[in-house]
Amino acid sequence: AIERTLSIIKPDAVAKNVIGQIVARFEKANLKVIAATLKQLSRAEAERFYAVHKARPFYKDLVDFMISGPVFVQVLEGDNAILKNRDLMGATDPKKAAPGTIRADFADSIDANAVHGSDAADTAAIEIAFFFPESNIHTR
Ligand code: CMP
């Protein structure tokens, strides 16, 4: 089925100047960018976006990292987009990510892991709405 998912290119990958290389992987996999913005998250925004992880020991470091520089936030649309994006990203920990995945090729650590992607349909809808009103999403 055609799905939408939220993708964030994190501050480490933006700083490495590989936004285009990462987006090219999505496009080669037939995912379309239907919304995008380069954005500096405030601490409050990052805390809200990752509120589900509030009780986890890595929460503070995660929020600190996500506000360390601008992020490139996109909505990707395509067949099976949520799982397809997760396959393209590879495992959360780049040490465990399969060769050829975005995290294997661009990530440095479990915190600086290059990309975020929604993990399921319900979270994708919530995460997309967090960043983009429907009027800023352009299906084509
Ligand atoms: P992300 O997909 O953005 O969702 C939460 C992030 O927390 C995750 O990617 C990692 O970058 C970060 N993180 C740090 N430590 C852990 C951990 N032990 N388990 C899961 N995520 C972690």
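Counting convention: from 1, in listed order, for ligands and their atoms alike.
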**Q** Would you indicate whether Asn17, at its atom CG, is surrounded by more than 12 heavy atoms from other residues, nucleotides or ligands within a distance under 6.0 Å?
**A**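 Open: at most 12 neighbouring heavy atoms sit under 6.0 Å from CG of Asn17.
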
**Q** So that I can tick it off, tell me whether Asp105 and Arg25 are bridged by a salt bridge, with the cut-off set at under 4.0 angstrom between side-chain N and carboxylate O.
**A**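 Salt bridge: yes.
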
**Q** Taking 4.0 angstrom as the limit, do Arg103 and Asp93 come out as a salt bridge?
**A**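 Between Asp93 and Arg103 there is no salt bridge, as every charged N stays at least 4.0 Å from the carboxylate O atoms.
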
**Q** Please check if the number of heavy atoms outside Lys16 that lie under 6.0 Å from its NZ is greater than 12.
**A**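 Yes - once you tally the heavy atoms of other residues, nucleotides and ligands closer than 6.0 Å, there are more than 12.
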
**Q** Could you list each N/O atom of ligand 1 together with any protein N/O atom closer than 3.5 Å, one pair per line with the distance?
**A**
from	atom 1	to	atom 2	distance (Å)
ligand 1	2 (O)	His116	ND1	3.1
ligand 1	3 (O)	Lys10	NZ	2.7
ligand 1	3 (O)	Tyr50	OH	2.5
ligand 1	3 (O)	His116	ND1	3.0
ligand 1	9 (O)	Lys10	NZ	3.2
ligand 1	9 (O)	Asn113	ND2	3.4
ligand 1	11 (O)	Lys10	NZ	3.2
ligand 1	11 (O)	Ile110	O	2.6
ligand 1	11 (O)	Asn113	OD1	3.3
ligand 1	11 (O)	Asn113	ND2	3.2

**Q** Can we say Glu45 and Lys39 salt-bridge, meaning some charged N sits less than 4.0 Å from an Asp/Glu carboxylate O?
**A**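 Salt bridge: yes.
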
**Q** Under a 3.5 Å threshold, yes or no: a donor from one side chain and an acceptor from the other, between Arg4 and Ser118?
**A**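 No, because no side-chain N or O of Arg4 sits under 3.5 Å from a partner of the opposite role on Ser118.
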
